[in-house]
Amino acid sequence: MATKRAKCEHLEAFDPDTKKMAKAYECETCVQIGDSWVHLRTCQACGVTLCCDSSPNKHASKHFQDHRHAVITSAEPNENWAWCYQDRTFLKF
C-alpha cells in the first residue's frame with residue numbers, strides 16, 4: 001500500500017518502515033500509578049508508549065506538552081497511522 005504523505009514537516013520526515021514499536025502493550029505511566037488505559041500510542045522521538053486522549057490520564061498528549069515530541073503512532077494491532085500533535089496532522093500508511 002502506498003503511503004499517503006501529509007503536509008507537515010514532522011510527518012514528511014517520518015519513515016513508517018523504521019517506526020518505533022511498543023516495548024510492551026501497556027501505558028508505562030498508567031502502570032506506575034496503577035491506572036488503566038483505552039488505547040496506546042508510541043512516541044516516535046523516544047519510543048515511550050503511553051495512553052491516548054480517550055483514556056482518563058491522556059499521557060501521550062501530556063508527553064507532547066512536556067517534551068515537544070510531535071509524532072506518535074498507534075500501538076494498536078493492525079492500525080497503521082501517525083499523528084503530529086504540533087501541526088494537528090494525520091498520516092495513514
Side-chain angles (χ1 to χ4, degrees):
M1 173 190 229
T3 301
K4 182 181 176 187
R5 301 310 293 178
K7 294 189 178 187
C8 161
E9 67 182 70
H10 305 102
L11 291 178
E12 285 293 332
F14 170 70
D15 181 0
D17 293 331
T18 60
K19 78 175 186 173
K20 291 176 175 53
M21 305 293 283
K23 297 173 192 146
Y25 189 75
E26 62 189 21
C27 172
E28 295 178 21
T29 306
C30 284
V31 168
Q32 290 173 356
I33 64 173
D35 213 340
S36 61
W37 56 87
V38 177
H39 300 289
L40 298 171
R41 310 297 180 230
T42 301
C43 174
Q44 293 304 295
C46 68
V48 66
T49 297
L50 301 164
C51 59
C52 70
D53 283 355
S54 295
S55 300
N57 295 299
K58 303 177 183 179
H59 286 126
S61 286
K62 289 176 183 175
H63 180 75
F64 167 68
Q65 293 165 1
D66 292 343
H67 301 283
R68 306 312 290 175
H69 294 167
V71 178
I72 58 155
T73 57
S74 175
E76 299 297 318
N78 303 313
E79 288 189 6
N80 297 306
W81 57 263
W83 171 257
C84 176
Y85 282 110
Q86 184 169 320
D87 297 323
R88 302 180 50 83
T89 305
F90 179 81
L91 172 70
K92 183 161 177 62
F93 53 89

*Are any of the side-chain heavy atoms of Leu50 and Cys43 separated by less than 4.5 Å?*
no

CZ (Arg41) and CD (Glu79) are apart, to the nearest 0.5 Å, by 6.0 Å

In short, Ser36 meets Pro56 closest at the heavy-atom pair O-CD, 4.0 Å

How are the rings of Tyr85 and Trp83 set relative to one another: parallel (under 30°), tilted (30 to 60°) or perpendicular (over 60°)?
perpendicular

CG (Asp87) and CD (Glu9) are apart, to the nearest 0.5 Å, by 6.5 Å

| message | The test is side-chain contact (heavy atoms from CB on, under 4.5 Å); show your working for His69 and Cys46 and say whether it passes. | response | CA-CA 8 Å; His69 294 167; Cys46 68; 3.7 Å; yes

Closest non-hydrogen contact found for Tyr25 with Glu76 is OH-OE1, 2.6 Å

All heavy atoms of Val38 vs all of Ser54, minimum pair found to be CG2-O, 3.4 Å

- Would a distance-only check, ignoring hydrogens and angles, find a side-chain to backbone donor-acceptor pair under 3.5 Å from Asn57 to His59? no

- In one Ile/Leu/Val/Met/Phe/Trp/Tyr side-chain cluster, 4.5 Å: Leu40, Val31: yes

Smallest heavy-atom separation, His10 atom then Cys84 atom, equals ND1-SG, 3.4 Å

Keeping the roles fixed (side chain from Lys20, backbone from Gln44), state whether a donor-acceptor pair exists under 3.5 Å. yes

Nearest heavy-atom approach of Phe93 to Ala82 is CE2-N, 3.8 Å

Mind checking whether Phe90 and Phe64 sit in one hydrophobic cluster, side chains of I, L, V, M, F, W, Y counted as touching below 4.5 Å? yes

Scanning both residues in full, the closest heavy-atom pair of Cys27 with Cys51 reads SG-N, 3.3 Å

Task: Other residues, nucleotides, ligands: >12 heavy atoms within 6.0 Å of Lys58 NZ - done: no

Review point. Counting only N and O atoms by type, is there a donor-acceptor contact under 3.5 Å from the side chain of Thr42 to the main-chain atoms of Thr49?
Key: no

